[in-house]
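Report on the structure given below.
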Amino acid sequence: MRRNVIFKGNCVRRLANESLFPNNSIDLIVTSPPYSDRRKSSYGGVRPDKYVDWFLPISDHLYRILKPKGSFILNIKENAHKGERQTYVIQLILALKERGWLWTEEYCWYKKNSYPGKWPNRFRDNWERCLHFTKQRSFQMYQDAVKVPIGEWSKKRFRSMTEKDFIRTVSRTNSRFGRNVANWLTKTKVYPHNVLDFEKEHYIEPTTVINFATECSNRNHSAPFPLELPSWFIKLFTRQGNVVLDPFMGIGTTAIAATLLARDYIGIELSAEYIQEARKHIRQLRRVR
Ligand SMILES: C[S@@+](CC[C@H](N)C(=O)[O-])C[C@H]1O[C@@H](n2cnc3c(N)ncnc32)[C@H](O)[C@@H]1O
């Protein structure tokens, strides 16, 4: 199988090619397809009532090529239309389950800098779904890989330990939350959200809410991922040398993240202009490394 390539064309046709994409060959799929009726001018836009029929043939190929212990992350969000939320994402989840996928998890991508606005009937919509599908209940997941260094603040905090910090204190509201500051003394790495929470002295386990700002710099695409988003899932679900596929590659953020993390990538994209942009970035990375 060719690795570290971007194929131009419609992914449903490319994925059907078994010599390019053998059975059980991909470790992780991270992708964001065009959302229904969005950005018609730049890259199409499938009608909500046609979305499931459009996506199912693609997802069948993805199922065939994903390794049994692999993961498929689908970033998507339904719009509100005529005062109601669309239902095509919910219908898609149910249809994918019928085709054999397990809907293993849903990560909520909280976009703290999402488009501002407030309406008489709703508030600002500041999150998107990252649906996690697998082929079986047991899949590869490396939770420690998303930890970050604990940070300088901890040195100061640990210098001023009191007796209370050596006992587990529980929340006064009788929730099951508790903390024992002394347990942190030997830690050098923590989950990213813990850094903030611990500074506020709340101990919270890693959650399914992931917090990355949307991409604001002009990267010649109307909706690229922030680099942190594919990086998070690549670290969580793959090891070095594994293969990551993005069948709606855009300007190649998934490929860039995979390259930076020493994984191999395969991309598919309709637009020659976006492919050129992706290749330019990856070439620059290779020169720098
Ligand atoms: C939401 S964007 C993905 C952006 C990407 N995550 C990035 O960071 O640049 C969806 C992309 O899918 C491409 N696309 C749409 N339909 C496609 C198809 N059938 N096959 C392959 N690519 C397609 C569009 O040109 C667009 O660049």
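Values in this document were obtained by computation on a predicted structure and should not be read as measured data. Ligands are counted one by one from 1 in listed order, and the atoms in each one are counted from 1 as well.
- With no hydrogens or angles considered, a side-chain donor-acceptor pair links K135 and N24 at under 3.5 Å.
- Within the 4.0 Å heavy-atom shell around ligand 1 one does not find R14.
- Atom CD of E106 sits in a crowded spot, with more than 12 heavy atoms from other residues, nucleotides or ligands closer than 6.0 Å.
- Using a 4.0 Å cut-off between a side-chain N of Lys or Arg and a carboxylate O of Asp or Glu, D264 and R2 do not qualify as a salt bridge.
- Any N or O atom pair closer than 3.5 Å counts here, and D246 shares no such pair with ligand 1.
- Taking the six-membered ring where tryptophan is involved, the planes of H132 and F139 are perpendicular, since the angle between them exceeds 60° and thus also 30°.
- A donor-acceptor pair shorter than 3.5 Å cannot be found between the side chains of R99 and S59.
- Every N/O-N/O distance between I268 and ligand 1 stays at or above 3.5 Å.
- Proximity of the aromatic rings of F225 and F212 is defined here by a centroid distance below 6.0 angstrom, and this criterion is not met.
- At least one heavy atom of P247 sits less than 4.0 Å from an atom of ligand 1.
- Residue contact check: P34 has heavy atoms under 4.0 Å from atoms 15 (C), 16 (N) of ligand 1.
- A donor-acceptor pair shorter than 3.5 Å cannot be found between the side chains of Y107 and E128.
- Here's the thing with F248: none of its N/O atoms is less than 3.5 angstrom from an N/O atom of ligand 1.
- In terms of polar-atom proximity, defined here as any N/O pair under 3.5 Å, E269 does make such a contact with ligand 1.
- Remark: ligand 1 atoms within the under-4.0 Å shell around heavy atoms of S32 are 1 (C), 2 (S), 3 (C), 10 (C).
- Within the structure, ligand 1 has G9 among the residues with a heavy atom less than 4.0 angstrom away.
- The shortest N or O to N or O distance between I251 and ligand 1 is below 3.5 Å.
- For the residue pair T134 and T104, a side-chain donor N or O sits within less than 3.5 Å of a side-chain acceptor on the partner.
- Close contacts between ligand 1 and N10 involve ligand atoms 18 (C), 19 (N), 20 (N) [criterion: under 4.0 Å to a heavy atom].
- Residue-level proximity to ligand 1 for Y274 is carried by the side chain, the only part with a heavy atom below 4.0 angstrom.
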